[in-house]
*Asks:* 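Pasting in a structure now, in structure tokens, and then I'll have a few things to ask.
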Amino acid sequence: LKNEAPPPRPEAHVDIGVSAFIPKTYIASDRQRLEAYRRMTRCSSLEMLAALKQDWIDAFGEPPRQIEVLIALTELRLLAGIFGIDKIIRQEPDIVLTVRDAMRASTALTGAPGSLRVIDEKTVYMRMPAVFLEPETSLIVLRNLLRGNHDKSATGVPAPASAGAN
């Protein structure tokens, strides 16, 4: 392990119109809020993100919706990276995915609502039903889809359905 470069962080760029932030009503101190953002940007695995969320609950109480959205967005970025998806960009009426590994990306998108169109070996257009086009809804649908397929591929058992943004 000496002198070996750390593995690249699997993380995708996500731009689907969601605004995610830590509200002052949850973490009042500017210094603590900045440190919370730093810790979030250092999360390189789903396990680290889950531990961070638990730390925030222990320190600051139950998270408000803005925190749940921020955590869901970070989770989606990590999951997309794991599945070989570099970018998820909303270009109405589609969500455009730029992929580096088409086979892993197809595993991630199994069971996606709506339709998928493969444009070339690096580009997939996903058109979800209109009810899923609101940005936070798109975020939760995508996160739940990738999380369910991640858990299924890791254990062979689908994850329980998640109703909210947590």
Side-chain angles (χ1 to χ4, degrees), residues 1-16 18-23 25-29 31-90 95 97-113 124 126 132 135-166:
L1 288 171
K2 290 181 182 178
N3 297 326
E4 288 183 24
R9 282 181 41 183
E11 190 175 289
H13 172 75
V14 177
D15 183 4
I16 56 174
V18 172
S19 176
F21 61 95
I22 300 172
T25 54
Y26 188 61
I27 301 178
S29 162
R31 183 189 59 73
Q32 285 181 313
R33 232 181 12 269
L34 185 58
E35 181 58 27
Y37 280 119
R38 272 194 205 106
R39 285 192 62 201
M40 177 155 282
T41 62
R42 290 183 187 132
C43 287
S44 59
S45 71
L46 298 172
E47 295 77 19
M48 286 178 74
L49 183 60
L52 176 63
K53 181 180 178 182
Q54 189 56 55
D55 287 350
W56 285 357
I57 291 170
D58 293 346
F60 306 108
E62 283 302 313
R65 179 155 190 81
Q66 296 96 329
I67 295 293
E68 294 292 355
V69 169
L70 181 62
I71 289 169
L73 184 60
T74 303
E75 185 176 0
L76 176 61
R77 290 171 52 212
L78 291 168
L79 286 162
I82 290 167
F83 280 112
I85 299 168
D86 287 327
K87 294 180 187 173
I88 301 174
I89 308 289
R90 183 175 174 193
I95 294 177
L97 296 95
T98 304
V99 303
R100 66 180 173 277
D101 185 333
M103 289 303 293
R104 280 197 340 223
S106 67
T107 301
L109 299 172
T110 300
V124 177
M126 178 180 184
F132 297 135
E136 281 188 25
T137 304
S138 294
L139 168 64
I140 300 309
V141 168
L142 287 166
R143 189 274 315 259
N144 288 349
L145 175 68
L146 269 61
R147 185 62 195 231
N149 287 327
H150 173 269
D151 292 350
K152 185 177 180 182
S153 67
T155 64
V157 178
S162 175
N166 49 7

*Asks:* Does some side-chain heavy atom of Arg147 sit less than 4.5 Å from a side-chain heavy atom of Leu46?
*Replies:*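 Side-chain contact under 4.5 Å: yes.
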*Asks:* Go through the structure and list residues passing salt bridge (charged side-chain N to carboxylate O under 4.0 Å, His left out) with Asp55, not counting sequence neighbours.
*Replies:*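 Asp55 satisfies salt bridge (charged side-chain N to carboxylate O under 4.0 Å, His left out) with Arg39 once adjacent residues are dropped.
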*Asks:* Calculate, to the nearest 0.5 Å, the distance between atoms CD and CG belonging to Glu75 and Leu139 respectively.
*Replies:*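 So the gap between those two atoms works out to 9.5 Å.
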*Asks:* Can you tell me how far apart CD1 (Ile85) and CZ (Arg104) are? Round to the nearest 0.5 Å.
*Replies:*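 The CD1 atom of Ile85 sits 9.5 Å away from the CZ atom of Arg104.
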*Asks:* Report the C-alpha distance between Leu142 and Val14 in whole Å, list the side-chain angles of each, state the deciding distance to 0.1 Å, and finish with yes or no for side-chain contact (heavy atoms from CB on, under 4.5 Å).
*Replies:* CA-CA 11 Å; Leu142 287 166; Val14 177; over 6 Å; no
*Asks:* Just wondering, do Pro113 and Phe132 contact through their side chains at under 4.5 Å, heavy atoms?
*Replies:*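 Yes. Closest side-chain heavy atoms under 4.5 Å.
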*Asks:* Mind checking the CG-CG spacing from Asn149 to Leu109? Nearest 0.5 Å is all I need.
*Replies:*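 Between Asn149 CG and Leu109 CG, I get 8.0 Å after rounding to 0.5 Å.
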*Asks:* Taking it one step at a time, do Met126 and Leu145 satisfy side-chain contact (heavy atoms from CB on, under 4.5 Å)?
*Replies:* CA-CA 13 Å; Met126 178 180 184; Leu145 175 68; 4.2 Å; yes
*Asks:* How many angstroms lie between CG in Leu76 and CG in Asn144, if you round to the nearest 0.5 Å?
*Replies:*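 Rounded to the nearest 0.5 Å, the CG-CG separation comes out at 10.0 Å.
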*Asks:* Which atom names give the shortest non-hydrogen contact between Pro135 and Val18, and what distance separates them?
*Replies:*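 So the two residues come closest at O-CG2, 3.4 Å.
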*Asks:* Would you check if the side chain of Arg100 reaches a backbone N or O of Gly81 as a donor-acceptor pair within less than 3.5 Å?
*Replies:*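 Answer holds: yes.
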*Asks:* Are side-chain heavy atoms of Ser45 and Leu78 found at a separation under 4.5 Å?
*Replies:*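 They are not in side-chain contact.
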*Asks:* Rounded to the nearest 0.5 Å, what separates atom CG in Leu52 from atom CD1 in Ile71?
*Replies:*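 With rounding to 0.5 Å, CG (Leu52) is 6.5 Å from CD1 (Ile71).
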*Asks:* Can you measure from OH (Tyr37) to CG (Leu70) and round to the nearest 0.5 angstrom?
*Replies:*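 Between Tyr37 OH and Leu70 CG, I get 6.5 Å after rounding to 0.5 Å.
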*Asks:* Please report the shortest heavy-atom distance between Ile57 and Pro63, naming the atom on each side.
*Replies:*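 In terms of heavy atoms, the two residues are closest at CG1-CD, 3.7 Å.
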*Asks:* Are side-chain heavy atoms of Leu49 and Lys53 found at a separation under 4.5 Å?
*Replies:*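 A side-chain contact under 4.5 Å is absent here.
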*Asks:* Find out whether Leu97 and Lys87 are in side-chain contact, i.e. whether some heavy atom of one side chain is under 4.5 Å from a heavy atom of the other.
*Replies:*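 When only atoms from C-beta onward are counted, Lys87 and Leu97 do not touch, as no gap falls below 4.5 Å.
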*Asks:* List for me each residue that meets salt bridge (charged side-chain N to carboxylate O under 4.0 Å, His left out) alongside Arg38, sequence neighbours excluded, and say none if there are none.
*Replies:*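 Per chain and number, Arg38 pairs via salt bridge (charged side-chain N to carboxylate O under 4.0 Å, His left out) with Glu35.
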*Asks:* So Ile89 and His13, do their side chains get closer than 4.5 Å, heavy atoms only?
*Replies:*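 With C-beta onward as the side chain, the pair touches.
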*Asks:* Within a strict 4.5 Å, meaning less than it, do heavy atoms of the Ile67 and Phe60 side chains meet?
*Replies:*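 No; the side chains remain at least 4.5 Å from each other.
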*Asks:* Give a yes or no on whether a salt bridge exists between Arg143 and Glu136, defined as a side-chain N under 4.0 angstrom from a carboxylate O.
*Replies:*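 Result for this pair is no, no salt bridge flagged.
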*Asks:* Determine the minimum heavy-atom distance between Ala108 and Phe83, stating which atoms define it.
*Replies:*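 Smallest heavy-atom distance, with atoms named: CB-CG, 3.2 Å.
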*Asks:* Using modelled atom types only, decide if a donor and an acceptor are shared between the side chain of Tyr26 and the backbone of Gln66 within a distance under 3.5 Å.
*Replies:*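 No, Tyr26 side chain to Gln66 backbone: no donor-acceptor pair under 3.5 Å.
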